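A quick note: this is a predicted structure, and the numbers were derived from the prediction, not measured.
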Amino acid sequence: MAVHDEDAPGKKAQTDEQRAFHGGDGRSSAPPAGSFDPMTLETKSLALLQEALRELEHGFDDLPRFDGELSEAELERVRAVLLEVAPRMRDNFPYPHPMYVGQMLKPPHPIARVAYQLAQWVNPNNHALDGGRASSAMEKEAVAAIAAMFGWPTHLGHLTGGGTMANLEALWVAGKLRPGATILASSIAHYTHARLSQVLGLSFEEVPVDARGRMDLDALRDRIRRGGVGTVVATMGTTMLGSVDPLPAILALAREHELRVHADAAYGGYFTLAEGLEQDTRAAFEALAGVDSLAIDPHKHGLQPYGCGCVLFRDASVGALYRHDSPYTYFSSAELHLGEISLECSRAGAAAVALWATQRLLPLERGGRFAEGLTRCRRAALALAGKLSAGPRWRLALAPELDIVVWAPREATASATSKRTQAIFRDAAAEGLHLAVARLPRALLAERWNGFAWDEDEVACLRSCLIKPEHADWVDRIFETLESVA
Ligand SMILES: *Cc1c(COP(=O)(O)O)cnc(C)c1O
């Protein structure tokens, strides 16, 4: 990431950690003016943005002449601010690089970035067709393609600001259709389910997980039999472990007791296209055709910039629940406006344009190039887990079910393990390898980690989301760095 440095004010704010991973004192030698040879950051697509903008401009040919360009003086002021912004943005972990293998952060595909920017010259609002006709049409098409990926013949759905909003809408609909009934999700489901239920005034309870981090079916059955349950949330890939709840059995129980099932597939949903899943994981994804609602995050595994979640309902008649007649919104036609079926009002049409373009380039098909990207993430996780469990230094928390690997240095006690985990996390960062840390409960590990002394009820483990396909080519390097740090 060699960019101009000079005496930018942002530089003073550089942390020790930043200095550590950029090497030396954080000063990179400024390249000669006009030369720029980026390695980590993709820039060739910028020329395509220029070309596409010229194409877009023709749409305004019939209008009276209006000069939208910046003046030279304003351009210079904008430039000065941007050159202040760029060095400040260095105060981040290097997310696009394969040696960043920590949290669930995936760089958007260049086409998503460029299509998003292109759309911003129009800045459509997908609340209503009057705010963005083309981008609303693209949203409907893109969302229909996601529904088709899950084998849904019918659907009602739209994009949201993210997975939390998508889950909020699904739980809101669940509460409307099962008033007063309890929502269940596993004890390691996303923390927002409990909070969203609170916001909605719905009662919420946790169901324990088994040793693989999947919702425990006996506990679920017992809780359902005690009565009062309306909806079960099945997590298709937990954020911490990537574990997938046993959806076929959950659906069977739900049918027997006439419950709703919502699938939180925010992180894991796209793995329905991947190869190399275990048989029961594959069966869980196949069962998604039978859930009532589903949340998926194109801004996680779908190669989109942040601000792109999606909620789907299998029964389109739930649309009636959203009916409102505010005098100041502007639905001017009988055709469906997305604001008529969503809780959010204004939303970036650009997010829909970016998603549509990405799916046009990389269709959501098994065996396609997009699916191959997910398969490579899965392969990377299996390869790293294999190396970690083969040597004497590490202990896997559990076999990865999707592309998240959780492991710990081999120590005798929980407290010693947690301490070493933190030290390795820090030392690896100094070597340019960026991991994450997760605290796991004793109940999840006790069965597998025999001979381990639980002097504390939780243990800090290292956690890596191998969420970039390129990780498949970097596993050796990642593992070698880990070994050298340990
Ligand atoms: C990330 C995530 C969420 C929350 O989605 P945001 O897009 O961060 O709002 C919900 N559920 C699961 C399983 C997730 O992984």
Under 3.5 Å, side chain of [X] to main-chain N/O of [Y], donor-acceptor pair present?
{"X": "Asp297", "Y": "Gly163", "value": "yes"}
{"X": "Asp245", "Y": "Leu247", "value": "no"}
{"X": "Arg379", "Y": "Ala472", "value": "no"}

Nearest heavy-atom pair of [X] and [Y]: which atoms, and what distance?
{"X": "Arg378", "Y": "Pro400", "value": "NH1-O, 3.1 Å"}
{"X": "Ala316", "Y": "Leu156", "value": "CA-CB, 3.7 Å"}
{"X": "His262", "Y": "Ala295", "value": "CE1-N, 3.6 Å"}

The complete set of side chain to side chain donor-acceptor pair (under 3.5 Å) pairs with one or both residues in residues 305-320, sequence neighbours excluded, reads Asp315-Ser317
How about Thr160 and Glu344: does a side-chain donor come under 3.5 Å of a side-chain acceptor?
no
Under a 3.5 Å threshold, yes or no: a donor from one side chain and an acceptor from the other, between Gln304 and Tyr116?
no
Roughly how far apart are [X] [atom1] and [Y] [atom2], rounded to 0.5 Å?
{"X": "Asp210", "Y": "Glu447", "atom1": "CG", "atom2": "CD", "value": "8.5 Å"}
{"X": "Arg393", "Y": "Ile424", "atom1": "CZ", "atom2": "CD1", "value": "9.5 Å"}
{"X": "Ile467", "Y": "His301", "atom1": "CD1", "atom2": "NE2", "value": "4.0 Å"}
{"X": "Leu396", "Y": "Leu388", "atom1": "CG", "atom2": "CG", "value": "6.0 Å"}

Q. Any idea how Trp394 and Trp407 line up, ring-wise: parallel (<30°), tilted (30 to 60°), or perpendicular (>60°)?
A. perpendicular
Sorted by chain and number, sequence neighbours left out, side chain to side chain contact (heavy atoms under 4.5 Å, CB included) with Ala189 holds for Ala185, Ser186, His193, Thr235
Counting only heavy atoms not in Arg448, do more than 12 fall under 6.0 Å of its CZ?
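Correct, the count exceeds 12.
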